[in-house]
Colleague: 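Structure in structure tokens, see below.
Here is the naming used below: chain letters follow the sequence lines, and residue numbers restart at 1 for every chain.
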2 protein chains.
Amino acid sequence: MSHSTDQTPERPTGHAVPTSADVARLAGVSRATVSYVLNNTSAVRISEPTRRRVREAAEELGYVPHAAARSLRAGHSRMVLLPSAHIPVGPLYSQFFNDLQWELRRLDYTVVQYGSVGLKPDEAARAWAELRPVAVVSLGEVELTEQAVELLKRSGARAVITLGTQQVPGTHSLAMDQGRIGEVATAHLIESGRRRIGVVVPEEPGLGMFSRPRLEGARRAAESAGTGAAAGATVVPLPLRYDEESADELAGRWRELGLDAVFAYNDEYAMLLMRALQDAGISVPEETAVVGADDLLLGRLLRPRLSTVHIDMVLGRELAELVDQAVRDADTPPRSRRLLDSRVVRRESS
Amino acid sequence: MSHSTDQTPERPTGHAVPTSADVARLAGVSRATVSYVLNNTSAVRISEPTRRRVREAAEELGYVPHAAARSLRAGHSRMVLLPSAHIPVGPLYSQFFNDLQWELRRLDYTVVQYGSVGLKPDEAARAWAELRPVAVVSLGEVELTEQAVELLKRSGARAVITLGTQQVPGTHSLAMDQGRIGEVATAHLIESGRRRIGVVVPEEPGLGMFSRPRLEGARRAAESAGTGAAAGATVVPLPLRYDEESADELAGRWRELGLDAVFAYNDEYAMLLMRALQDAGISVPEETAVVGADDLLLGRLLRPRLSTVHIDMVLGRELAELVDQAVRDADTPPRSRRLLDSRVVRRESS
DNA sequence: GCGAGGGGGTTACACGTGTCAGTGACGCGT
DNA sequence: ACGCGTCACTGACACGTGTAACCCCCTCGC
């Protein structure tokens, strides 16, 4: 605007941000001394009066070290990269996600979320590698290839952790066994004598990562049950949007589908569908059993109370500690742990 | 390990990550040329054959630039710091939060979440300043002081944006008018003829940031109504934990409280309480009206359908654009915008 | 009196990058 | 033949920090 800014571009308010050199000048010592004092380096002895002068000078100038310069010199940072997806995840998952970040910060890591919008795995890995993170915790948004992992490790990542459906060599793979959720839910329904079982699959894009394995798990349960006394169970996928209209439409043609049970992906979808079924005159659980997942408190408020799959998720804290250990000792054996355990909580809707 | 690496430090797959100097060596040009080529600098002309050689060398070595070194030299980064709280926020807020991050990344910013666990405002600001972010979007976890803002700006932040209840000078303050939510809800109840109004206050620590202003808003509504025809409305705070036991306990002594309406902080708390009231034989809405907030889909599934306050939140996208504009032009006048608008959606519970 | 030793600092280099100011080589007009 | 301009590229510095290696001076022991 005013041309005076062109002449003196370095006039914010208190001018430029002070460096350790400024502190050194003010304290009347060398820059090295400043570094030693402010980092409490034990290998070098500095007298107490000097320490005080340095600290006071730093305080007076409002000196703040430059993290980038520091980690450039050090050759490593304490940054954990956490590529996260842009998907409407449920409360359980976002809780886990929050805890993870919280615990990492407690362990003195800097958590960086980073997107990889429509990038291929290798491009994404390249973008991540630019930041030279000390660890990468990939949440399954992109399926890392082996070369991508290689690139990340070469760029200084001491730990690469994948949370996904499949294992990636060279990483600590935490198997997020979504399939098991569908499996136990469906097995429970079959045990209760149900035979034609619908499985709700959200149409919400981005949820496929969760919904597909759950459907597969349901299919597995139906097949393995075929051998026992309870033979002939079938699974029918049911696309559903998360709104009343879609639920009513599905409930409207429920009788022609000839189903006697439904695993609804989620407690939220389950509640939505159950209400629509009741409004359409289908009795739950007599005519159709309904099972959700996540064990939300709200599911207990409906009548009948919603049966559900309770998911015991690994604590964010545990995962954070795994990260920390892998960073400390890069040769930690890539142990694969299962991220979640599932068990059915039977209430009244099944 | 093996001493041969000391003799030949240039082993691509093994060990060190290649720098632009390695690329230059392989391509047979100077490091400056590499920089020009890979950054497509238009001010300098490089012949096409040379460009190709450089690109191929970079490709072969798997060269990845070092973001920290780059921003050190450049004197600025494209990092947006997003200090976030460790609180169990609702779906609405976390949706907004996700969108914001997503849009910022789309605008080519690097989003960094950073904690400030129990730090005082000035300490937190110091920790943030170390990262030299180009913008800080504070979500009200810590109340920034004026000096803290000053420090951040001196350290290179071109935009400081606060989302909170109070305005901070020198920042773009987005007023998150939580009070208004309680106000419209309570006003609605008073208009409907209710007089003794309970206001649920979650005991969950960390939610006070939201619940306190809502309670205050409710009180304001009751007071301002005192002047009109509908005089004598009173507000009674009701602490509540998010579990059935707590809700049942509250419902058990409902009659002695003598309330004829309740604004329940949230749709989730509202659903919980409404169920408990019904189980205790209190009829809704005849005996007691219930109003929630957030307009969750699930609220429409209960009977009676839950009345609620619909919250129109500023889009994450809009906020991201404000950040971007403020970064581009640091002299953008600190406009204060209201982050959310509230209106009552009357259904059947009131 | 003189070397050893150590307390208290400093000098100098390295980290990886961007970019300004040159520097040859070459074509061209007079 | 010589100056001038353009092309294609290089040399050198700066960004802010950590740390190994060195240096000076004082004291102590013999």
Side-chain angles (χ1 to χ4, degrees), chain A residues 9-10 16-54 57-58 61-79 129-132 134 154-156, chain B residues 9-10 15-54 57-58 61-78 129-132 134 154-156:
Chain A
E10 66 282 12
V17 36
T19 75
S20 68
D22 297 321
V23 177
R25 212 167 299 135
L26 180 57
V29 297
S30 78
R31 214 178 45 67
T33 302
V34 172
S35 176
Y36 287 136
V37 170
L38 296 183
N39 293 323
N40 280 321
T41 309
S42 53
V44 181
R45 300 208 50 85
I46 307 280
S47 72
E48 195 51 44
T50 308
R51 299 189 107 92
R52 288 178 52 96
R53 287 218 317 283
V54 169
L61 291 177
Y63 168 68
V64 174
H66 192 302
R70 177 180 294 206
S71 68
L72 171 61
R73 162 64 221 214
H76 61 85
S77 67
R78 285 187 68 78
M79 177 192 304
E130 288 191 7
L131 297 180
R132 300 292 195 278
V134 72
R154 269 208 310 155
S155 79
Chain B
E10 63 279 14
H15 331 308
V17 37
T19 74
S20 69
D22 297 322
V23 177
R25 212 169 300 136
L26 181 58
V29 297
S30 77
R31 217 179 43 70
T33 303
V34 172
S35 176
Y36 287 136
V37 170
L38 295 184
N39 293 323
N40 281 321
T41 310
S42 53
V44 181
R45 297 215 51 84
I46 307 281
S47 72
E48 196 51 43
T50 305
R51 301 188 105 91
R52 288 178 51 96
R53 287 218 317 284
V54 170
L61 291 177
Y63 168 68
V64 174
H66 193 303
R70 178 180 293 206
S71 67
L72 172 60
R73 163 64 219 210
H76 65 265
S77 67
R78 286 188 66 78
E130 287 190 8
L131 298 180
R132 301 289 194 276
V134 72
R154 268 208 312 157
S155 80

Colleague: Touch check for B:Thr41, heavy atoms < 4.0 angstrom, all strands: base, sugar-phosphate only, or nothing?
Modeller: nothing

Colleague: Select base, sugar-phosphate, or nothing to describe what B:Ala74 touches, counting heavy atoms under 4.0 Å on all strands.
Modeller: nothing

Colleague: For the side chain of A:Ala32, counting heavy atoms from C-beta on, which of D:dT17, C:dT11, D:dC9 is nearest?
Modeller: C:dT11

Colleague: To the nearest Å, how far apart are B:Arg53 CZ and D:dT10 C1'?
Modeller: 14 Å

Colleague: What are the two closest heavy atoms between B:Val23 and B:Val54, and how far apart are they?
Modeller: CG1-O, 3.9 Å

Colleague: Quick one: on DNA chain D, does B:Arg31 or B:Ala69 contact a more 5' nucleotide (nearest heavy atom)?
Modeller: B:Arg31

Colleague: How many Å lie between CG on A:Leu38 and P on D:dG16, as a whole number?
Modeller: 16 Å

Colleague: Whole angstrom is fine here: how far is it from CZ in A:Arg51 over to P in C:dG9?
Modeller: 9 Å

Colleague: Are the side chain of A:Arg78 and the backbone N or O of A:Val134 linked by a donor-acceptor pair below 3.5 Å?
Modeller: no

Colleague: Check every atom of C:dT17, D:dT17, C:dC15 against the side chain of B:Tyr63 and return the nucleotide holding the closest atom.
Modeller: C:dT17

Colleague: Is there a donor and acceptor pair, one atom on the side chain of B:Tyr36 and one on the base of C:dC20, closer than 3.5 Å?
Modeller: yes

Colleague: Using a cut-off of 4.0 Å on non-hydrogen atoms, how would the nucleic acid contact of A:Ser30 be classed: base, sugar-phosphate, or nothing?
Modeller: base

Colleague: Please report, rounded to the nearest Å, how far the P atom of D:dG18 is from the NE2 atom of A:His76.
Modeller: 11 Å

Colleague: How close or far is atom P of C:dA14 from atom NE2 of B:His66, stated in whole angstroms?
Modeller: 17 Å

Colleague: So what does A:Ser71 hit on the nucleic acid, given a heavy-atom distance under 4.0 Å: a base, only sugar-phosphate, or nothing?
Modeller: nothing

Colleague: Quick one: does A:Arg73 reach the base of C:dA14 with a side-chain donor-acceptor pair under 3.5 Å?
Modeller: yes

Colleague: Taking all heavy atoms of A:Thr19 and all of A:Tyr63, pick out the closest pair and write down the distance.
Modeller: C-CE1, 3.5 Å

Colleague: Remember a base hit wins even if backbone is also touched, and classify A:Ser47 as base, sugar-phosphate or nothing at under 4.0 Å, heavy atoms.
Modeller: sugar-phosphate

Colleague: Tell me the interatomic distance from B:Arg45, atom CZ, to D:dG5, atom C1', rounded to whole angstroms.
Modeller: 16 Å

Colleague: Figure out the CG/C1' separation between B:Leu131 and D:dG16, and round it to whole Å.
Modeller: 15 Å

Colleague: Mind listing the closest non-hydrogen atom pair of B:Leu131 and A:Ala67 along with its distance?
Modeller: CD2-CB, 3.8 Å

Colleague: Once you apply a heavy-atom cut-off of 4.0 Å, does A:Arg70 come out as touching a base, just sugar-phosphate, or nothing?
Modeller: sugar-phosphate

Colleague: Output the distance between atom OG (A:Ser35) and atom CZ (A:Arg70), rounded to the nearest 0.5 Å.
Modeller: 8.0 Å

Colleague: Tell me: CD of B:Glu48 to P of D:dA8, nearest whole Å?
Modeller: 11 Å

Colleague: Provide the closest heavy-atom pair for B:Arg132 versus B:Ser77 in the form atom of the first, atom of the second, distance.
Modeller: O-OG, 3.4 Å

Colleague: Describe the nucleic acid contact of B:Val29 in one word from base, sugar-phosphate, nothing, applying a heavy-atom distance below 4.0 Å.
Modeller: sugar-phosphate

Colleague: At under 4.0 Å between heavy atoms, what does A:Thr33 touch on the DNA or RNA strands: base, sugar-phosphate, or nothing?
Modeller: base

Colleague: Using a 4.0 Å heavy-atom cut-off across all strands, classify B:Ser35 as base, sugar-phosphate, or nothing.
Modeller: base

